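The structure appears below as structure tokens.
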Amino acid sequence: HIIRKMCQLTPSSADRRPPLKMAKQPWKNPPLALAVAGLQFDEILSFDSVLRSFQDEIRSFLPGYTAETVETVQHTTIAQVRMTQQRHVFRSADSTTAVVIGNVGLLLATSRYELFEILERKYLRPVLDALEFSVNGPLLIRRYGLRYIDRIVPTDGEKAEDYVVSNLRH
């Protein structure tokens with residue numbers, strides 16, 4: 001099961017490198033454990049009513065659903081502040097792809113990554129189209145990010161630390 005804990009993604013605005021030329025052929029055996037796309041948009045005030053329509057739109061490719069309550073604790077100099085947030089998780093039938101959505105953003109995660117264009121065509125674009133259909137208009141996207149989480153499996157006689165530069169080790 002691919003998602004144990006999802007976190008908010010924030011892209012680096014300082015990263016101004018030119019775009020990379022991406023391979024156009026799908027990877028046969030990508031070294032990725034997870035590919036995660038995150039979007040933050042302006043708050044959807046009517047989110048509860050939008051959610052039903054959104055689920056109807058994506059049910060054909062993300063039929064699984066669970067609602068989760070997440071509690072976070074923020075430490076300030078004065079006190080600890082506990083906040084709870086409701087989030088909604090829609091999963092593929094084989095639990096390899098999921099969308100976690102709330103009223104200000106969504107995360108799309110998959111452990112079956114082949115190529116960005118395939119991810120975009122198969123999941124990202126249909127999810128955004130479904131959400132825009134459900135809110136009756138375009139979303140104003142404030143932030144977006146894409147993360148690839150690599151799978152590193154040491155061979156016999158190696159340790160995971162062997163793959164990390166020495167100044168980053170414990």
Side-chain angles (χ1 to χ4, degrees), residues 1-15 22 27 30-152:
H1 303 291
I2 66 163
I3 301 177
R4 297 207 192 282
K5 182 178 179 183
M6 300 295 286
C7 59
Q8 190 68 28
L9 299 176
T10 306
S12 170
S13 59
D15 189 359
M22 303 297 280
W27 291 20
L32 299 176
L34 203 59
V36 182
L39 298 167
Q40 184 179 31
F41 42 78
D42 279 352
E43 184 174 8
I44 300 171
L45 298 176
S46 59
F47 184 71
D48 291 336
S49 63
V50 165
L51 193 60
R52 292 184 190 281
S53 173
F54 178 72
Q55 183 181 27
D56 289 342
E57 292 295 313
I58 65 168
R59 190 182 314 270
S60 65
F61 59 97
L62 295 171
Y65 171 76
T66 55
E68 299 176 351
T69 301
V70 178
E71 184 175 311
T72 58
V73 178
Q74 292 184 341
H75 300 279
T76 67
T77 55
I78 300 170
Q80 280 187 345
V81 179
R82 292 185 182 274
M83 299 182 337
T84 59
Q85 180 182 10
Q86 185 78 12
R87 66 183 186 187
H88 305 274
V89 182
F90 298 91
R91 289 173 316 288
S92 60
D94 62 0
S95 294
T96 59
T97 302
V99 169
V100 180
I101 187 168
N103 65 333
V104 295
L106 68 82
L107 293 174
L108 168 69
T110 186
S111 61
R112 292 214 174 210
Y113 182 84
E114 298 173 82
L115 190 65
F116 177 77
E117 289 80 3
I118 295 171
L119 176 71
E120 180 185 32
R121 182 182 69 246
K122 192 172 180 182
Y123 291 107
L124 192 54
R125 187 73 259 160
V127 164
L128 289 175
D129 289 345
L131 188 55
E132 288 183 336
F133 174 81
S134 299
V135 299
N136 296 315
L139 294 170
L140 183 55
I141 297 175
R142 298 289 183 180
R143 288 184 171 174
Y144 60 90
L146 183 62
R147 297 280 196 263
Y148 296 106
I149 301 168
D150 291 330
R151 176 180 317 154
I152 299 172

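Nothing fancy with the numbering, it's 1 onward along the sequence. The shown structure was predicted, so the numbers you read here are calculated from the model rather than taken from an experiment.
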Would you say [X] and [Y] make side-chain contact, with heavy atoms under 4.5 Å?
X	Y	answer
Leu146	Tyr144	no
Phe47	His88	yes
Glu57	Asp129	no

Heavy-atom closest contact ([X] atom, [Y] atom, distance):
X	Y	value
Ser46	Ser49	O-OG, 2.9 Å
Pro126	Phe61	CB-CZ, 3.6 Å
Val89	Ala98	CG1-CB, 4.3 Å
Tyr123	Leu62	CE2-CD2, 4.1 Å
Ala109	Leu34	CB-CD1, 4.2 Å

Whether the side chain of [X] engages the backbone of [Y] through a donor-acceptor N/O pair (distance < 3.5 Å, no angle test) should be reported.
X	Y	value
Glu132	Leu139	yes
Ser134	Leu51	no
Thr97	Ser92	no

From [atom1] ([X]) to [atom2] ([Y]), nearest 0.5 Å:
X	Y	atom1	atom2	value
Leu39	Arg143	CG	CZ	12.5 Å
Gln40	Leu107	CD	CG	10.5 Å
Leu131	Ile101	CG	CD1	4.5 Å
Leu124	Leu119	CG	CG	6.0 Å
Leu108	Lys122	CG	NZ	11.5 Å
Gln74	Met83	CD	CE	4.5 Å

Take the angle between the ring planes of Phe90 and Phe54 and call it parallel below 30°, perpendicular above 60°, tilted in between.
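Judged by the thresholds at 30° and 60°, the geometry between Phe90 and Phe54 is perpendicular.
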Residues in salt bridge (charged side-chain N to carboxylate O under 4.0 Å, His left out) contact with Glu120, at least two apart in sequence or another chain
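Partners of Glu120 under the salt bridge (charged side-chain N to carboxylate O under 4.0 Å, His left out) test: none.
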Can you confirm whether more than 12 heavy atoms, excluding those of Phe133, are under 6.0 Å from its CZ atom?
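No - once you tally the heavy atoms of other residues, nucleotides and ligands closer than 6.0 Å, there are 12 at most.
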